[in-house]
**Q** 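Input: one structure, supplied below.
Note that ligands are numbered from 1 as they come in the structure, with each ligand's atoms numbered from 1 the same way.
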Amino acid sequence: MRGTRTAVAARAEGVVKAYGAGETRVVALDGVSVDIERGAFTAIMGPSGSGKSTLMHCLAGLDTVTAGRVWLGATEVTGLKDRKLTRLRRDSVGFVFQSFNLLPTLNALENITLPMDIAGRRPDREWLRRVVATVGLADRLKHRPTELSGGQQQRVAVARALAARPEIIFGDEPTGNLDSRAGAEILGFLRRSVDELGQTVVMVTHDPTAAAHADRVLYLADGRIVDDMLNPTADLVLDRMRRFDARGRVA
Ligand code: ADP
C-alpha cells in the first residue's frame with residue numbers, strides 16, 4: 001500500500017452491521033459513513049452498546065459488514081478474500097488493546113518486533129529507533145514484561161503497533177487498565193506518533209480527558225454517528241456528552 005497513500009486512511013460508506021436474524025436481530029451499525037483522515041488522531045465515543053467496537057472492527061477488517069463498503073487506504077476491504085484480508089491487516093493495521101497482550105518470555109524489543117518477525121519482515125532500523133525513542137523505551141528494551149510497570153508494558157504495545165509503520169493504528173480503550181498518570185503518558189505517546197511520526201490513530205474511549213488528546217471526536221448512538229467534533233477539549237466533550245441522553249438523542 002505504501003506508495004499509493006491517500007489523504008484518507010480509512011473510509012466507511014453506508015456501513016450496516018447486523019447480528020442475528022428475525023426477532024433477535026441487533027443492528028450494531030445503522031448506515032455509518034465516515035472518512036478517517038490520514039495523519040490525524042480520531043476518538044470514537046458513545047454510550048455502551050452504541051457500536052463503537054463494531055465500527056472499529058469493521059474499519060480494521062476484523063469483522064465483515066452486512067451492507068456498505070470499507071476501505072483501508074486505497075484498498076477496498078469489503079469483498080477481500082481471507083488470505084488477502086489477513087495480509088492487509090498484518091501489513092496495514094496496528095492494534096493497541098486495553099490488556100497489553102505481551103509475551104512474557106520475550107523482552108521488550110522482541111515483543112515490539114514479534115509481528116514483523118512472524119511476517120518475515122525486517123524492521124526498518126531507523127524507524128524502530130524513532131518509535132522506541134518516541135515511547136521512551138530506549139533503556140528498557142532488554143526487560144521482560146514482568147519487569148515493567150503497566151504503563152511501560154502499554155508503551156511496548158504502542159511501539160509494537162507502530163513498528164511496522166502501519167497505515168492506521170486502532171486503540172480499544174488503550175488506557176483502560178492504567179492509572180491516570182500512566183494513561184496520560186500513553187495518550188501523549190499516541191499524540192506524538194501522529195504529530196512527529198505522521199501516523200494515523202483511531203481510539204475508542206469513554207473518557208473525555210482521553211478524547212481531548214484527539215483532533216476529532218466521533219459520537220455514536222444507536223449505531224449512527226450523531227456528532228463530529230473538531231479540536232475537542234475535555235470540557236467541550238463533557239458538555240456534548242451531557243447534551244445527549246443515554247440513547248444519543250439531544251436531551
Ligand atoms: P460499544 O462498543 O459501543 O459498547 P458494540 O459495538 O460492542 O458497542 O455493540 C453494539 C451492539 O451490537 C450492542 O447492542 C451489542 O450487544 C451488539 N453486538 C456486538 N457484538 C455482537 C455479537 N457478536 N453478537 C450479537 N450482538 C452483538
Side-chain angles (χ1 to χ4, degrees), residues 9-36 41-72 77-78 80 82 85-86 89 93-101 154 157 161 168-178 183 186-187 190 200-214 216-229 232 234 237-251:
R11 163 175 292 164
E13 198 180 277
V15 168
V16 175
K17 176 69 183 180
Y19 293 103
E23 301 231 317
T24 61
R25 183 174 147 100
V26 175
V27 178
L29 295 177
D30 192 8
V32 170
S33 296
V34 66
D35 282 356
I36 304 291
F41 188 171
T42 304
I44 302 178
M45 299 193 81
S48 177
S50 58
K52 301 183 295 294
S53 305
T54 305
L55 177 58
M56 197 182 84
H57 290 165
C58 289
L59 285 174
L62 284 171
D63 212 345
T64 58
V65 304
T66 309
R69 300 169 77 184
V70 174
W71 286 263
L72 272 176
V77 176
T78 28
L80 275 190
D82 269 356
L85 188 57
T86 304
R89 264 202 313 263
V93 183
F95 293 99
V96 183
F97 299 99
Q98 193 168 336
S99 51
F100 320 126
N101 295 324
Q154 192 63 316
I168 189 164
I169 290 175
F170 291 99
D172 197 351
E173 299 274 5
T175 58
N177 271 337
L178 301 176
I186 290 297
L187 291 161
L190 289 172
T200 305
V201 176
V202 176
M203 168 180 77
V204 168
T205 183
H206 64 267
D207 175 3
T209 311
H213 287 77
R216 178 189 188 191
V217 182
L218 299 172
Y219 292 84
L220 283 179
D222 285 341
R224 294 185 185 171
I225 293 177
V226 294
D227 199 34
D228 190 344
M229 181 193 281
V237 172
L238 255 177
D239 228 41
R240 193 61 53 97
M241 286 165 81
R242 285 199 198 102
R243 278 182 37 217
F244 293 115
D245 68 14
R247 298 189 66 74
R249 288 181 292 260
V250 176

**Q** Could you list which atoms of ligand 1 come closer than 4.0 Å to a heavy atom of Ser50?
**A**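 Checking each atom against Ser50, I get 1 (P), 3 (O), 8 (O).
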**Q** What protein heavy atom sits nearest atom 23 (N) of ligand 1, and how far away is it?
**A**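 Ranked first by proximity to atom 23 (N) of ligand 1 is Tyr19 CE2, 3.5 Å.
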**Q** Run through Thr42, Val202, Ile44 and flag the one making a side-chain contact (heavy atoms from CB on, under 4.5 Å) with Arg216.
**A**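 Filter result, single survivor: Thr42.
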**Q** Can you tell me if Pro47 has a non-hydrogen atom under 4.0 Å from ligand 1?
**A**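 Contact check Pro47 vs ligand 1: positive.
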**Q** What I'd like to find out is whether the side chain of Phe95 reaches to under 4.5 Å of the side chain of Leu62, using heavy atoms alone.
**A**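 In short, these two side chains touch, coming nearer than 4.5 Å.
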**Q** Starting from atom 8 (O) of ligand 1, what is the nearest protein heavy atom, named by residue and atom, and what distance separates them?
**A**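 Looking only at protein heavy atoms, the one closest to atom 8 (O) of ligand 1 is Gly51 N, 3.2 Å.
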**Q** With a cutoff of 4.0 Å, is Gly49 in contact with ligand 1, counting heavy atoms of the residue only?
**A**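 Yes.
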**Q** Could you check whether any side-chain N or O of Arg25 sits under 3.5 Å from a backbone N or O of Ala18, counting only pairs where one atom can act as donor and the other as acceptor?
**A**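 No.
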**Q** Where the closest heavy atom to atom 6 (O) of ligand 1 is concerned, which of Thr54, Ile44, Asp172 has it?
**A**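 Considering heavy atoms of Thr54, Ile44, Asp172, the nearest to atom 6 (O) of ligand 1 sits in Thr54.
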**Q** I need the atoms of ligand 1 closer than 4.0 Å to a non-hydrogen atom of Ser48, numbered in the order shown.
**A**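 Near Ser48, meaning under 4.0 Å from one of its heavy atoms, ligand 1 has 4 (O).
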**Q** Would you say Gly46 contacts ligand 1, with heavy atoms under 4.0 Å as the rule?
**A**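 In this structure, Gly46 fails to qualify as a contact of ligand 1 - no heavy atom is under 4.0 Å.
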**Q** Between Gln154 and Phe97 (side chain of the first, backbone of the second, donor and acceptor by atom type, cut-off under 3.5 Å), is there such a pair?
**A**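 Yes: the side chain of Gln154 pairs with the backbone of Phe97.
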**Q** For ligand 1, is there an N or O atom under 3.5 Å from any N or O atom of Val26?
**A**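 So ligand 1 has no N or O lying under 3.5 Å from an N or O of Val26.
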**Q** Nearest non-hydrogen atom to atom 3 (O) of ligand 1 belongs to which of His206, His57, Lys52, Met56?
**A**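 Looking at heavy atoms only, Lys52 sits closest to atom 3 (O) of ligand 1.
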**Q** Looking only at protein heavy atoms, identify the closest one to atom 7 (O) of ligand 1 and say how far it is in Å.
**A**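 For atom 7 (O) of ligand 1, the nearest protein heavy atom is Ser53 CB, 3.9 Å.
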**Q** For Arg224, look at atom CZ and say whether over 12 heavy atoms of other residues, nucleotides or ligands are found less than 6.0 Å away.
**A**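 Incorrect, the count does not exceed 12.
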**Q** Is any side-chain heavy atom of Leu218 less than 4.5 Å from a side-chain heavy atom of Ile36?
**A**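 In short, these two side chains touch, coming nearer than 4.5 Å.
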**Q** side-chain contact (heavy atoms from CB on, under 4.5 Å), that's the test. Do Val65 and Val16 meet it? Break it down for me.
**A** CA-CA 6 Å; Val65 304; Val16 175; over 6 Å; no
**Q** For atom 12 (O) of ligand 1, which protein heavy atom lies nearest, and how many Å away is it?
**A**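 Heavy-atom neighbour on the protein nearest atom 12 (O) of ligand 1: Ala28 CB, 3.3 Å.
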**Q** Indicate yes or no: at least one non-hydrogen side-chain atom of Met45 is less than 4.5 angstrom from one of Asp207.
**A**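 SC-SC contact between Met45 and Asp207 ruled out.
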